[in-house]
Structures are given as structure tokens and as C-alpha cells.
Protein chains: 2
Amino acid sequence: MSRHTLASLASELGVSRQTISNVLNAPHKVKPATRERVQAAIAAAGYRPSAAARQLRTQRSMNFGMRLFPATDGINGAILDRFLHALTEAAQSAGYRLTLFCADSDEEEVRQYEQLLDVAGLDGFILTSSRPDDVRTHWLGERGTPFAVFGRPWDAAGHSAPADHPWVDVDGAAGTEEAVRMLLTQGHSRIGFLGWHTGSPVGADRRQGWERAMTAAGHGQDLHVLGVEAEDTVAGGASGAALLASRGATAMVCSSDSLALGAMEKLREAQPGAFLSGQPAGPAGRAAIVGFDDTPVAAALGLSSVAQPVEEAARHIIGLLTHELAGKAAAARSGAGAPPARQLLLAPRVVERIPLPLASPGPS
Amino acid sequence: MSRHTLASLASELGVSRQTISNVLNAPHKVKPATRERVQAAIAAAGYRPSAAARQLRTQRSMNFGMRLFPATDGINGAILDRFLHALTEAAQSAGYRLTLFCADSDEEEVRQYEQLLDVAGLDGFILTSSRPDDVRTHWLGERGTPFAVFGRPWDAAGHSAPADHPWVDVDGAAGTEEAVRMLLTQGHSRIGFLGWHTGSPVGADRRQGWERAMTAAGHGQDLHVLGVEAEDTVAGGASGAALLASRGATAMVCSSDSLALGAMEKLREAQPGAFLSGQPAGPAGRAAIVGFDDTPVAAALGLSSVAQPVEEAARHIIGLLTHELAGKAAAARSGAGAPPARQLLLAPRVVERIPLPLASPGPS
DNA sequence: CGCACAAATTTGATCGATCAAATTTGCGGC
DNA sequence: GCCGCAAATTTGATCGATCAAATTTGTGCG
């Protein structure tokens, strides 16, 4: 256990505390020879400066906070794992740590911000789901606390609205658009959309991509018939898929993997082996259903799905925060790297899969 | 923003720093009248003591650390969400915070412990998957760092081994045992077990419960035939289920929801509507497949599954850590509550579900 | 009334780092 | 050899709390 302190190391080495401190924080201020000698001693002793002492003096905790939502649907929330891991990793390699907290509501979340800022001195926050007229971003913005949001800002009407705080989001419309294009090249033309019955802006965005791609391909006439809404559950997906099938859809793009899973189950049952394999219109072995979020379930079942680049989003968010925090102190000094885009819309990627060939044998 | 400090509040109030400090940390030392006056002032000013200053003096960070594993399988890792949320919540209400970190290996994890102890002064760690001959528990134990494990200790041979560190685990065997009993009362007798082909102690434990229940029910003769191992994937589950079915199994208990899902898909395809509804032996509407972990997928598909009480486990783990840390200082003083069990094996619960009736109509 | 002794409160030192200012060292030039 | 000036290093103060010891206040009793 390294019971070392600046003072102890300093006296052992025959230099002053401040010199060691400078070696760590402002190496250029120290003569190369001394610097190297000190660095060697630091390494040998395994000395690590105490974050608490540092924080007390500098008023920086090197700590970001993030609210953990209760596991809601779960099947979709599954990408949270990936996001959280990527965040932690990125924060870690930037020298920051990540502190979690819980809250029952947005108001409670704001109360937690206040407390965590006072008590733990967090340097910034990561918000995960932006809502129309978000109270949290207002509060943080007014207070001047650094933060970055995963999710673009929506106005009260649920439309994408300009805002000057940093955010990263995934372009859902681009995702569904690409999904439609994939299905088109497979030979489908009556491609349905299976969305949420809640009027969420995210859902509207995903639907828009489908509409855009269908219209562009000249299939814009039946959009009102081929766009269906259901509860975001497997059961909802099943019933929605039945409706779409009855209206002649040969393929469908879904707002979530839950819906897609329900659709898949339903259609597999209705036309065993046929529809799912890309029939009737597509080449054999291609899925005619595309989900959203590329959850582990989709991967397990061989369901095509729109994958969000959450790792990239996480890294960018950390980049935004660290840039802002570093900038405050050392902006013009070192010139730094190019600042990360304050608003970034990432393109998702359609993962095309071949449904599991369950008919074949092969026991272990 | 509450720019308040002990000293500032003290002078405003006309008392000394230490009195305020005592009101917060040792109220009994302060005369009731003063105490109330100070408490009122604290509330009015919204004063909150700085964690950094406190930590510097007391050497306590009120912070626990936990390693975040990379999202591996995912479909099973899904219970991590619940666990993490429960941990955070429990820690929060005990006045602690939770810090996450990443590591590529157990050795790296130990290195992170060392660093986090030195730098951030974490008070304890939560470990999530115990392994045979765990290097991490050794290291922490020798160093005397408080920690608690979710997962019982295994010896090098993969058997449950005594150890004196605090841990909580879920009794997997009891879970599969109960699952078997449920299937027995449904009328099944040829109940198969579909496990992992890796020799993991957790898997062995789950299999044991099945063996025990089968033997107790007088069906112990065909265990070697009805116990099958496969890769822990949906495909593995499908092939394993095919094998079991060919050997006359009418029901099966699986080591994971992935396997169960594969089995379900396979059997639904092989005997549409029949097997899954509890046929041939069980009453209609009952599932003849039971998974493990009760992931959201199982819930979504109406798959019965053995549910781990992860929330309870998380709360107990926090209880263990806080007790140990409080105990160090105030053990005999206040008498405290009964100490939480240092080793605890929680019983899981079988969630019985009726498979989704996909055949019925009902579009939105 | 005063004294002993406990209860209540205050004061000075400290945790381990950084900041700001003071001091010492190094070096070229006259 | 001495001066000035920049580079390198050191010193004292400080962040905001708690600890330990000192001091003041309060109470019972001879």
C-alpha cells in the first residue's frame, strides 16, 4: 500500500512539494534533469496524488454523474449496458470517473444534481433521454453546469428543436430509411411500418424515415394503410403484424425489437418457413422484418435490426464534456485539438441477418 | 448555489465550526436548544458539507466501486441492469455513492482496485462474478479492504468452498429443483435438463437441482439420458432440445433463457401449438419449458423462467458493506441492528407463464 | 459562597494537494 | 567580478471539513 504523500516523497527526494506537483501538472516548468529524476521516483514509489486533496484545492472532482433509470421495458433498455460500458471506459481513459445515481422523476433528478454538485462536486452530467421541454437541461443550462445529452432536443410540440447545449443522437429516420432500401433491393415493395402508439418524437422520427424512403421509391400512395401503430410489446407486434399482413405487406420495418419479435413470431406461425425466409418477394434466406436497436435478442434469433452506434455516441459525449472542462482552463493555451462537434447526429447501421434455420437438425 | 461552508455558516450563526459539525455527526453532544437552532439554519441555508474536505480528514470517501463487465452474451447479462439499479439505490439511501470502472481481466481489475483506493479512496468494492480460485478476493482479503461478492466462493475444482469473506448468492439448484417440481405437478415425468457445455460451477449447481428433484420423485433412472449439454446460445438450445425430444422428454429445464428460447423455437416448429401448450402430458396452457434468469425476453415471450432475486441480493450486499464500515467505528457504541448474514444463499422463484397465444387475432 | 466535575462549546492542528508569491540559481553581457 | 533577468525551485497560505485538546458554562452540594 502506497502510503505516500507529496510531502513525504519530497523530503525523501530532497526536493520541494511544489516541484513534484509541477512535474505532474506542469512538466514544462521543471528542468528536464529534475523532472526525470522525480518521475522515476514517482514511478518507483507508486505515488498517486489523492483525489480528495486535489479536489478540495482545485474544486474539480474529475467525476461525472449519470442517472440510472429503472429497468423499464428491458428488452429495449438492453442497449444501456453497452452505452454505460462505453461511457465508463471513455471516462476512465480521459482520467474521469463515473458516478451513478437514481431518481424517480426529472424533478428528483434535478434535486440530485444539486446535491451531487454541492456534496461530491461532480464536474458534469450525462443525460440519457431527452424529452420535449426538458426541465433538466434548462436547470443545468441556467446554472452553467457542464453536461451533454444522449438524445436531441425536442420542443414542446415534439419536433426537433434547436438548442445550444451539447448533444449527440442517432438519426433514427436514416436508419429506417436504410432498412426500407434494403428491403426494396430484396424485391419487396409493400413494406409496412410498425410503430409505437405513443406519440413519442423518437417514434415519429423513425416513421418519417420509412415514409421518406417509400415515397422516394415511388411507393408513397399507400402510406396511410401500411403504417400501423401498436403498444410496444411482443403482443403488440404480433397483432400489428397481422394487420399489416392482411393489408398485403410483404415486409415490415419496426420501431423496436420487441415489435419486430412479435411480428416475427406471428408471421412464422401464420406462414411457417415461408414469409420469414424472405418470401414471397425476396430472395431465399433474407429476413423481411427489420427491428430497431439491435438488441441481443435480435442477434440471438437472427432478426435484422437497425443498430445504434452507442459506443461512438458515448465516446463523443465524454469528448464533449472533457473538452468543455479542459477548455475552461487551457483553451487557447495549448491550442488543443479540434473541438468535438457540439451537436452530432450519428447514422445507424442496418444489421442484416438470416433467421435461424431451426428446421435443420444437429444436436450436441 | 449554496456557497456555504462550515466557517461561513458558523460566523453567521454566532457559533463555532465544531458545533455545527457536531450537530451533523454527533448530535447528542450538542444542547438540544442549540441543536435545533443550528439544524434550522442548516436547512434554511441549504448547507451541505463537502465530501472532499470530509474525505481528506476522515479518510472515508463514502464511495463504493464496481467493475462493469463488457456486455457479453447480453441476453443473459440483462439482469445486470436490475442489479446495478438496485445497488445504486441501496447505496444512495445509505449515504454512499457508486463508482464504476472497467477492466479487461481480473488482474487488471486488481490493478484498478489499487489505483482507486489510492486516488479516489474508495471505501469498498462490489464483485460480481466469483470464479474458482478468485485472485480478486485474495488480494482484497489480504489487504483488508472491505468488499462483498455476488456469487459464492468456488474452490479450484469448481465446488462450493467455504470462505470467510462476505457474499450473497442465489441458490440455483433450489431454482431448478422447484422448476422440476412445477413440471411434475403439471403431469410431466420425463423432464430433461438442458445445460451449458462449459464446466462452470454455476451450471453444475443448476444441474444438481434437477437431478435432486428427479431422483426424489423416483425418476432418477434416466438422468444420464435426459441431461444434455450445449453451447449457451439460441442455436445451441434448439439442437439440444431436439436431442432431448428425440429421447422422449416432454418437458425441459434450461440453464439459461437463451437455451430455453432456442428450445421453445425448435419445439414450436416441430409440433406447432402442441408441445408448448403443456402437451402432451400437462394441462393445456402450461409451458413445458423453463428458462433461467427471467430475462425480459422470457417475459415478452411468455416463457416460464427461474427468477433470481437480484434486488434483494443487491440490498444485502450494500447492507454488508455499510455494516462493516460502520462497524469499524461504531460497532459496540450504538449496539446497531443485528448484523446482516455474512454469507447468504437466496432462494430464486419460478415464474410460471403461459406462452403467448399468437394464433389469436387482434390487430390494433 | 465557592468548589469540584460534568456538559457544552471553542480553538488550534491536520488531512494532502495546489496557488500565489518569494527566493534561489543560472547565465549572458559589460 | 558584478548586475540584471529569466528559469527553477521553495515557502507560506489555503481549500473545508474533523480530531484532539483547551476553555467556558452549568449544576449539585458541602
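Note on naming: letters A, B, ... go to the chains in the order of the sequence lines (proteins, then strands), and numbering restarts at 1 for each one.
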Mind checking whether [X] and [Y] have side chains closer than 4.5 Å, heavy atoms only?
| X | Y | answer |
| --- | --- | --- |
| A/Q112 | B/Q92 | yes |
| A/F69 | A/C102 | no |
| B/R37 | B/V15 | yes |

Next on the checklist: Considering only residues two or more places apart or on different chains, which pairs with a residue in residues 11-30 of chain A satisfy ring-ring contact (aromatic ring centres under 6.0 Å, His included)?
Outcome noted: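 The answer is none; no pair qualifies.
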Checklist entry - Quick one: do A/D123 and A/R97 make a salt bridge, cutoff under 4.0 Å? => result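 Salt bridge between A/D123 and A/R97, a charged N being under 4.0 Å from a carboxylate O: no.
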Next on the checklist: Please identify which of these residues, B/T34, B/V30, B/N25, B/L6, meets the side chain to side chain contact (heavy atoms under 4.5 Å, CB included) condition with B/I20.
Outcome noted: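 So the option named by the test is B/L6.
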Item to check | Residues touching DNA chain C, which here means a heavy atom under 4.0 Å, drawn from residues 34-42 of chain B | outcome: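 DNA chain C contact set from residues 34-42 of chain B: B/T34.
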Checklist entry - Toward the 5' end of DNA chain D, which comes first, B/T58 or A/H28, by nearest nucleotide? => result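 Mapping each residue to its closest nucleotide by heavy atoms, the 5'-most match is A/H28.
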Next on the checklist: If you assign A/L6 and B/R57 each to the DNA chain C nucleotide with the nearest heavy atom, which residue ends up on the more 5' nucleotide?
Outcome noted: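 First, find each residue's nearest nucleotide; the 5'-ward one identifies B/R57.
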Checklist entry - Between B/K29 and B/R17, which has a closest nucleotide on DNA chain C that is more 5'? => result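 Residue closer to the 5' terminus by nearest nucleotide: B/K29.
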Checklist entry - Within the structure shown, what part of the strands sits under 4.0 Å from A/Q59 by heavy-atom distance: base, sugar-phosphate, or nothing? => result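 Counting heavy atoms under 4.0 Å across all strands, the contact made by A/Q59 is with sugar-phosphate only.
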Next on the checklist: Within the 4.0 Å heavy-atom criterion, would you say B/S50 contacts the bases, only the backbone, or no part of the nucleic acid?
Outcome noted: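 Sugar-phosphate contact only.
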Checklist entry - What do you reckon, are the aromatic ring centroids of A/F150 and A/F83 less than 6.0 Å apart? => result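 They qualify: ring centres under 6.0 Å apart.
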Item to check | Sub-6.0 Å ring centroid separation between A/Y113 and A/F125 | outcome: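 Yes, the ring centres sit under 6.0 Å apart.
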Item to check | Outermost nucleotides of DNA chain C that come under 4.0 Å of a non-hydrogen atom of chain A | outcome: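 So the outermost contacting nucleotides come out as C/dG16 to C/dA20.
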